[in-house]
Amino acid sequence: MSAMAIPARRNREIAPSGVVGMLIFIVTEVMLFAGFLSAFTITRSNALMGMWPPPGQPRLPVENTMVNTGALLLSGLVLVIGHWRLKKNLTNVRGPLIAALILGSTFVALQGVEWVALLRQGLTMMSSPHGSFFYLIVGVHGLHALAAIIAVGWALSRSLRGKLKASEFYTVETFWYFVVLMWPIIYTRVYF
């Protein structure tokens with residue numbers, strides 16, 4: 001009996017394992033936000049016609065938050081440029097990482113200013129379902145944004161030391177895109 005030759009398997013990675021792991025994490029986080037937004041939608045739909053936000057509660061600063069939203073969306077675009085630059089040289093991502101870090105930090109800082117103003121106007125976690133959902137949904141997104149800022153800072157640090165790997169950049173980039181792309185959904189659903 002002759003032995004059949006077994007063809008050699010090519011070890012081709014479809015995506016870096018960090019990216020695959022991040023995508024699995026993102027799927028779970030999308031489900032979390034879907035649950036939050038569904039509960040918010042049900043609660044809001046049960047409010048009397050035209051009575052949202054509830055009486056005595058401030059209207060959310062839609063216009064001011066548009067500036068924050070612009071900063072966050074621009075940070076995502078900057079990382080897209082970083083992705084293109086990465087194909088030429090790993091050191092080319094430093095500028096986009098710095099810009100994303102600044103724009104993401106601006107987003108979080110402006111959200112913090114917004115929260116302080118809303119707290120002064122009486123919107124708290126305990127003041128109404130409006131406050132509870134606002135701080136829960138926007139706050140959890142804010143925690144994700146902080147984590148993404150830390151991740152971008154870590155990638156920038158590795159890049160400055162010449163140790164950043166393309167797979168690490170792609171993993172951080174994937175998480176950043178989740179934060180950036182989740183926000184317009186939250187913004188349009190919660191603020192309008």
Side-chain angles (χ1 to χ4, degrees), residues 21-79 97 99-156 171-192:
M22 185 58 68
L23 289 172
I24 292 168
F25 171 74
I26 288 170
V27 167
T28 64
E29 296 305 286
V30 166
M31 289 188 289
L32 175 73
F33 280 107
F36 287 162
L37 291 171
S38 295
F40 170 75
T41 300
I42 292 166
T43 301
R44 186 173 175 171
S45 69
N46 288 330
L48 297 174
M49 294 290 286
M51 298 299 285
W52 196 267
Q57 293 293 284
R59 187 175 86 67
L60 297 177
V62 173
E63 300 81 13
N64 293 345
T65 306
M66 206 172 291
V67 173
N68 308 1
T69 301
L72 190 62
L73 293 175
L74 186 56
S75 74
L77 179 61
V78 164
L79 273 192
L97 285 171
L101 196 60
I102 291 168
L103 290 165
S105 297
T106 299
F107 170 78
V108 171
L110 291 174
Q111 286 295 103
V113 168
E114 177 182 298
W115 280 35
V116 169
L118 288 169
L119 286 167
R120 286 186 182 144
Q121 294 174 38
L123 186 68
T124 67
M125 285 284 290
M126 305 304 262
S127 64
S128 68
H130 175 54
S132 298
F133 279 114
F134 172 77
Y135 289 111
L136 175 67
I137 296 168
V138 175
V140 170
H141 181 268
L143 289 174
H144 283 81
L146 282 173
I149 289 167
I150 291 167
V152 168
W154 172 83
L156 176 61
T171 302
V172 169
E173 177 188 33
T174 302
F175 184 46
W176 192 262
Y177 292 150
F178 160 70
V179 169
V180 169
L181 295 174
M182 193 70 227
W183 179 249
I185 297 166
I186 292 169
Y187 176 57
T188 55
R189 191 67 214 117
V190 173
Y191 282 75
F192 291 94

Practice task
Check side-chain contact (heavy atoms from CB on, under 4.5 Å) between L110 and all other residues, then give those that pass, not counting sequence neighbours.
Solution key: V67, N68, T106
Please list, one pair per line, the donor and acceptor atoms closer than 3.5 Å that link side chains of residues 69-77 to other protein atoms, with sequence neighbours excluded.
| unit_1 | atom_1 | unit_2 | atom_2 | d |
| --- | --- | --- | --- | --- |
| T69 | OG1 | T65 | O | 2.9 |
| T69 | OG1 | W183 | NE1 | 2.8 |
| S75 | OG | L72 | O | 2.5 |
| S75 | OG | W176 | NE1 | 3.0 |

Exercise for the section: Applying side-chain contact (heavy atoms from CB on, under 4.5 Å), name anything that partners T28, two or more places apart in sequence or on another chain. Expected result: F25, M31
Practice task
Answer whether the closest heavy-atom distance between the side chains of I149 and V179 falls below 4.5 Å.
Solution key: no
Practice task
Answer whether the closest heavy-atom distance between the side chains of H144 and M182 falls below 4.5 Å.
Solution key: no
Handout entry: Contact check, side chains of L60 and F192, non-hydrogen atoms, under 4.5 Å
Key = no
Handout entry: Nearest non-hydrogen partners of A99 and V78, listed with the distance
Key = CB-CG1, 3.5 Å
Practice task
Identify, with sequence neighbours excluded, every residue that meets side-chain contact (heavy atoms from CB on, under 4.5 Å) alongside S38.
Solution key: none
Exercise for the section: Could you give me the CA-CA distance, side-chain angles and deciding distance for V138 and Y191, then say whether side chain to side chain contact (heavy atoms under 4.5 Å, CB included) is met? Expected result: CA-CA 10 Å; V138 175; Y191 282 75; 4.3 Å; yes
Completion exercise
Correct closest heavy-atom pair for L123 and G131 would be CD1-CA, 3.4 Å
Problem - Pairs satisfying salt bridge (charged side-chain N to carboxylate O under 4.0 Å, His left out), at least one member in residues 39-59, at least two apart - result: R59-E63
Exercise for the section: Enter the distance from M22:CE to E29:CD here, rounded to the nearest 0.5 Å. Expected result: 10.0 Å
Problem - Taking every non-hydrogen atom, the tightest pair across A155 and V172 - result: CB-CG2, 4.2 Å
Fill in the blank from the handout: Taking every heavy atom of Q57 against every heavy atom of G122, the minimum-distance pair comes out as NE2-O, 3.8 Å
Practice task
With the side chain counted from C-beta on, respond yes when W115 and Y135 share a heavy-atom pair under 4.5 Å apart, and no when they do not.
Solution key: yes
Problem - Within-4.5 Å side-chain heavy-atom neighbours: F178 and L23 - result: no
Completion exercise
Those residues at least two apart in sequence (or on a different chain) that pass side-chain contact (heavy atoms from CB on, under 4.5 Å) with M126 are T124
Practice task
Report the distance from atom CD1 of I186 to atom CZ of F40, rounding to the nearest 0.5 Å.
Solution key: 11.5 Å
Fill in the blank from the handout: The side-chain contact (heavy atoms from CB on, under 4.5 Å) partner of L37 among L32, I42, I185 is I185
Problem - Heavy-atom check, side chain of V190 versus side chain of F133, under 4.5 Å - result: no
Completion exercise
One should read off an interatomic distance between T41 OG1 and N46 CG, to the nearest 0.5 angstrom, of 11.0 Å
Exercise for the section: Look up atom OG in S128 and atom CZ in F134, then write down how far apart they are to the nearest 0.5 Å. Expected result: 11.0 Å
